[in-house]
Amino acid sequence: MSGSNSGVTVTLTMDGMERTARLPLIPGTIGPSVADIRKMYGELGIFTFDPGYGGTAACDSKITYIDGDEGVLLHRGYPIEELAEHSTFLEVAYLLLNGDLPNAAENEEFHEGVTRHTMLHEQLRSFFNGFRRDAHPMAVLCGVVGAMSAFYHDSLDINDENHRRISAFRLIAKLPTIAAWAYKYSIGQPFIYPRNDLGYAENFLHMLNAVPAEPYHVNPILARAMDRILILHADHEQNASTSTVRLAGSTGANPFACIAAGIASLWGPAHGGANEAVLKMLAEIGHVSHIPDFIEKVKDKHSSVRLMGFGHRVYKNYDPRAKIMQRTCHEVLGELGIKGDPLLDLAAELEKIALHDEYFVSRKLYPNVDFYSGIILKAMGIPTSMFTALFAVARTVGWISQWKEMIEDPAQRIGRPRQVYTGSPRRGFVPIEARG
Ligand code: CMC
């Protein structure tokens with residue numbers, strides 16, 4: 001659609017000049033309207049400047065809505081709290097991809113579609129051997145997902161609806177297998193093949209933890225917690241990695257290449273790498289008595305230290321995912337009988353201090369989803385290096401839904417931001433002998 005006009009306009013006049021532009025206002029279903037600046041350059045000869053895109057809508061989307069001031073997150077209109085409580089990850093995947101929750105028959109068909117694609121092409125298995133044994137699972141994920149473009153030629157035509165559907169199934173189904181194998185490779189254990197009689201989260205835990213030498217039973221409470229963690233990470237509108245996927249996809253690149261780009265973008269500690277960074281930070285602090293010194297470092301303008309797991313570009317009140325995650329954290333710790341873990345005590349104390357400290361309060365910095373997810377995953381025995389890979393497994397659903405929405409929009413164009421040039425003005429070439 002790309003912007004149906006509300007009939008209302010914003011008028012922009014350049015100081016001291018006669019030139020005025022009328023910018024149409026595009027309303028959202030809920031949330032603020034946006035000024036359509038597409039004709040502004042033509043009318044005024046100026047661009048907008050918005051590094052970090054904090055005030056720019058790069059697309060219109062029907063998938064996810066966030067109200068950062070009120071701490072609201074809706075997927076296709078459904079509050080995240082209700083989905084996390086009553087739904088399953090695959091149901092949420094269907095919802096994000098197709099727009100509505102599935103009925104029983106659609107649900108069964110979708111499950112079957114995903115489970116039919118959980119195995120990897122056997123030749124893709126040898127691809128893993130090319131990595132160093134100590135490779136980070138995210139490095140393996142970037143490489144292997146990118147390599148899927150070379151293995152699944154039969155679903156690369158982005159203009160064919162059926163190809164798009166099969167690629168989506170393949171990505172959602174194979175990401176847990178790739179992530180689990182990346183981990184198994186790093187610890188020198190045999191790869192565990194997927195089991196289609198298990199649920200999505202259950203199968204993932206099975207591939208991560210089982211060994212061929214003995215039976216492995218997945219704890220249903222931990223499987224439910226994993227499913228909920230996947231739901232909470234499934235989509236989050238136009239964050240850095242999703243925007244990366246859209247930008248890559250806008251060129252017509254195939255979906256596997258686009259998702260590999262999203263994985264690379266997710267890896268950074270300011271985004272998906274934060275859950276791993278939280279645990280590293282807690283280990284570095286080491287003891288409750290060191291918290292005041294650490295907080296001083298965080299507040300010091302000259303240090304680059306940040307309180308990982310705190311703050312969010314959009315949420316300035318609280319992160320609704322963090323609340324659910326905090327509850328899940330208590331459930332998991334209760335189930336596992338974990339009491340008095342020094343790292344968890346440290347996390348609780350850090351949270352308490354930060355929530356009352358003027359620096360954090362005045363900047364509206366609250367715990368985000370990653371503050372608790374790292375703690376839960378650690379308690380579940382998931383190795384720290386796998387935290388971001390797990391986030392990638394969940395977010396693949398959001399990425400592919402957003403990619404599909406973009407490709408199916410007839411008004412879609414290549415993403416191509418502009419810039420304000422601040423380099424040297426035009427100058428003549430100077431021969432090397434004449435340079436100072
Ligand atoms: N610790 C200390 N100070 C912070 C933090 C933090 N975690 N986050 C923001 N600030 C300060 C920042 O220094 C700045 O202060 P001042 O106004 O004095 O210069 C102010 O708060 C505004 O920060 P910003 O960098 O302009 O905020 P942003 O919207 O660009 O950054 C963020 C958002 C998430 C990158 C940032 O809060 C951060 O680095 N948090 C830690 C990393 C993290 O937990 N990331 C996970 C985000 S949720 C999951 C996901 O998106 O993947």
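Every number for a ligand or one of its atoms is a count from 1 in the order of the listing. Note that these values count all heavy atoms, side chains included, but never hydrogens, waters or copies made by symmetry.
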Inset, instruction - Please lay out, stage by stage, how Asp227 and Arg224 fare under the test salt bridge (Lys or Arg N to Asp or Glu O under 4.0 Å). - result: CA-CA 5 Å; Asp227 200 68; Arg224 178 65 193 134; 3.3 Å; yes
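With ring centers used as reference points, Phe110 lies under 6.0 Å from Phe169.
Listed by chain and number, residues touching ligand 1 at under 4.0 Å (heavy atoms only) are Pro269, Ala270, His271, Gly272, Ala274, Val298, Lys301, Arg306, Leu307, Met308, Gly309, Phe310, Gly311, His312, Arg313, Tyr359, Arg363, Leu365, Asn368, Asp370, Phe391.
Taking the six-membered ring for Trp and thresholds of 30 and 60 degrees, Phe89 and Tyr200 have ring planes inclined between 30 and 60 degrees apart.
Under a cutoff of 6.0 Å and an axis angle of 45°, Arg125 and Phe128 do not form a cation-pi pair.
Within a 6.0 Å sphere centred on CE of Met119, other residues, nucleotides and ligands contribute 12 heavy atoms or fewer.
With Phe391 as reference, Leu266 is the one residue of Val369, Ile263, Leu266, Leu230 to meet the side-chain contact (heavy atoms from CB on, under 4.5 Å) rule.
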